[in-house]
Asker: 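This is the structure I have questions about; it appears just below.
Only this structure's heavy atoms are used, side chains among them; waters, hydrogens and symmetry mates stay out. Residue numbers start from 1 in every chain, and the chains themselves are labelled A, B, ... in the order their sequence lines are given, proteins ahead of strands. Not measured: the values here are computed from a predicted model.
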There are 2 protein chains.
Amino acid sequence: MPAADTLDRIDLQLLAELQRQGRLSNAELAERVHLSPSACLRRVQRLERGGVIAGYRAEVDPERIGLGLTAFVRIRLNHHDAAAVADFAGSVNDWDEVVACHALTGDMDYLLQVVAADLEHFSSFLLDRVLARPGVGDVNSSFVLRTVKAMRGLPLPAG
Amino acid sequence: MPAADTLDRIDLQLLAELQRQGRLSNAELAERVHLSPSACLRRVQRLERGGVIAGYRAEVDPERIGLGLTAFVRIRLNHHDAAAVADFAGSVNDWDEVVACHALTGDMDYLLQVVAADLEHFSSFLLDRVLARPGVGDVNSSFVLRTVKAMRGLPLPAG
DNA sequence: ATTGAAATGTTTTTAAA
DNA sequence: TTTAAAAACATTTCAAT
């Protein structure tokens with residue numbers, strides 16, 4: 001990706017604006033960064049094509065759709081051979097309740113962010129699906145009591 | 001919020017589409033859910049005004065903007081009085097490297113998701129800023145080796 | 001290589017049926 | 001809910017920097 005590697009001040013401004021308001025019109029965006037609409041559009045398209053902007057998404061409030069519980073679940077696998085790891089990754093991707101999953105350094109292999117309607121839903125997810133999987137070893141769940149800082153995009157050098 | 005509480009099949013379809021492609025045009029969206037553009041627009045606006053759709057954001061690839069390292073940092077506070085907790089929350093919101101922070105049940109009070117350019121950047125963030133704070137007790141960092149499942153929105157009952 | 005202005009076609013939006 | 005008109009917008013082309 002040639003052009004996407006050189007992000008100037010205006011590119012960073014565009015990213016900052018679009019991280020905050022992903023549906024800004026090109027006209028409005030152009031005005032905010034003091035560019036003509038055509039120049040602005042070409043820059044945004046370059047960012048999209050270059051993969052700097054990976055996509056756009058509506059942010060849905062979990063509470064409003066009946067997902068009142070968020071948990072972080074740390075999981076250690078008993079076996080670390082390629083097949084076991086691939087199997088686990090496949091399951092994680094199949095489980096709708098898992099909204100994000102990372103392989104981590106440290107004492108626990110995986111960190112899963114899980115959403116559920118309530119404790120009963122979470123419980124049956126954990127017992128009937130996660131723990132039912134062969135290869136899943138130590139499991140540790142923590143529930144979100146309060147969101148101190150909600151994901152609002154990445155820090156950008158100089159907006 | 002009266003109207004936002006009753007989400008029918010079509011509302012859920014709209015949310016599903018907009019979670020995947022937040023910049024879909026109203027015309028395209030209407031076609032996908034088999035609605036006239038005006039009916040579709042009114043539904044989307046109701047979801048926005050009711051807070052079901054909290055906003056729209058461009059998703060930026062951290063690697064492409066020089067943020068090669070993501071870490072999860074678990075932090076326990078020494079003091080749990082209201083002032084200490086509020087102070088900590090304030091700091092967390094000031095620290096650009098912290099992209100998300102939750103107060104959790106369990107043995108560690110807070111879980112922070114942190115992005116940094118590299119290990120040196122992360123190290124100075126942790127040593128000079130987090131650990132420099134009075135009141136911060138036990139700290140445990142794990143680094144993301146691989147993203148097994150990337151955040152792609154919430155599960156919705158029946159798309 | 002990147003910009004701004006003009007021209008074109010599309011979409012959103014309003015208002016009325 | 002649909003339709004039709006108006007306004008706003010996205011997008012392409014092209015000349016200029």
Side-chain angles (χ1 to χ4, degrees), chain A residues 1-61 64-65 153-154 156-159, chain B residues 1-61 63-66 152-153 156-159:
Chain A
M1 254 95 264
D5 290 338
T6 50
L7 299 178
D8 65 13
R9 174 186 210 81
I10 295 177
D11 289 318
L12 292 171
Q13 280 179 257
L14 292 171
L15 293 176
E17 294 292 344
L18 289 173
Q19 273 195 149
R20 291 189 75 79
Q21 294 181 245
R23 279 197 87 140
L24 273 181
S25 73
N26 182 59
E28 170 76 27
L29 199 53
E31 204 172 289
R32 293 194 187 187
V33 303
H34 309 295
L35 227 56
S36 72
S38 60
C40 180
L41 183 66
R42 258 171 291 127
R43 275 175 181 265
V44 171
Q45 287 176 340
R46 193 177 59 187
L47 292 169
E48 290 167 355
R49 286 171 190 148
V52 181
I53 295 176
Y56 299 89
R57 50 179 35 85
E59 200 183 302
V60 175
D61 183 343
R64 294 306 186 92
I65 59 167
L154 300 172
L156 297 167
Chain B
M1 258 92 259
D5 289 337
T6 51
L7 300 177
D8 66 12
R9 176 187 209 81
I10 295 177
D11 289 319
L12 293 171
Q13 281 180 257
L14 291 171
L15 292 177
E17 294 292 345
L18 289 173
Q19 274 195 149
R20 289 189 76 78
Q21 294 180 247
R23 278 197 87 141
L24 274 180
S25 76
N26 183 61
E28 171 76 26
L29 197 55
E31 203 172 290
R32 293 194 187 188
V33 303
H34 309 294
L35 228 56
S36 71
S38 58
C40 180
L41 183 66
R42 257 174 291 117
R43 275 176 183 266
V44 171
Q45 288 176 339
R46 193 177 59 187
L47 292 170
E48 290 167 355
R49 286 172 189 149
V52 180
I53 295 176
Y56 299 89
R57 47 179 37 85
E59 201 183 301
V60 176
D61 183 343
E63 309 271 356
R64 295 306 186 91
I65 59 168
R152 285 185 296 265
L156 297 168

Asker: Does some side-chain heavy atom of Val33(A) sit less than 4.5 Å from a side-chain heavy atom of Arg43(A)?
Answerer: no

Asker: Measure the CD1-CG distance between Ile65(A) and Leu7(B) for me, rounded to the nearest 0.5 Å.
Answerer: 8.0 Å

Asker: Calculate the interatomic distance between Ile10(A) atom CD1 and dA1(C) atom P; express it in whole Å.
Answerer: 18 Å

Asker: Polar-atom pairs under 3.5 Å, protein N or O versus N or O of nucleotides 5-7 of chain C: list them with distances, or write none.
Answerer:
unit_1 : atom_1 : unit_2   : atom_2 : d
dA5(C) : N6     : Ser38(A) : OG     : 2.9

Asker: Checking side chain to side chain contact (heavy atoms under 4.5 Å, CB included) for the pair Arg9(A)/Leu12(A): CA distance, chi angles, key distance, verdict?
Answerer: CA-CA 5 Å; Arg9(A) 174 186 210 81; Leu12(A) 292 171; 5.9 Å; no

Asker: To the nearest 0.5 Å, how far apart are CG in Leu15(A) and CZ in Arg64(B)?
Answerer: 12.0 Å

Asker: Report the C-alpha distance between Gln13(B) and Leu35(B) in whole Å, list the side-chain angles of each, state the deciding distance to 0.1 Å, and finish with yes or no for side chain to side chain contact (heavy atoms under 4.5 Å, CB included).
Answerer: CA-CA 11 Å; Gln13(B) 281 180 257; Leu35(B) 228 56; over 6 Å; no

Asker: As an exercise, state the distance from CD1 of Ile53(B) to CG of Asp11(B), rounded to the nearest 0.5 Å.
Answerer: 9.0 Å

Asker: Could you check Gln45(B) against Arg43(A) and say which one's nearest nucleotide on DNA chain C is further toward the 5' end?
Answerer: Arg43(A)

Asker: What are the atom names and distances for every N/O pair under 3.5 Å that joins the protein to nucleotides 8-12 of chain C?
Answerer:
unit_1  : atom_1 : unit_2   : atom_2 : d
dT12(C) : OP1    : Asn26(B) : N      : 2.3
dT12(C) : OP2    : Ala27(B) : N      : 2.7

Asker: Treating Asn26(A) as the side-chain partner and Pro37(A) as the backbone partner, does any N or O pair qualify as donor plus acceptor under 3.5 Å?
Answerer: yes

Asker: Quick check for you: to the nearest 0.5 Å, what is the distance between Arg57(B) atom CZ and Glu59(A) atom CD?
Answerer: 4.5 Å

Asker: Rounding to a whole Å, what distance do you find between Leu35(B):CG and dT2(D):C1'?
Answerer: 12 Å

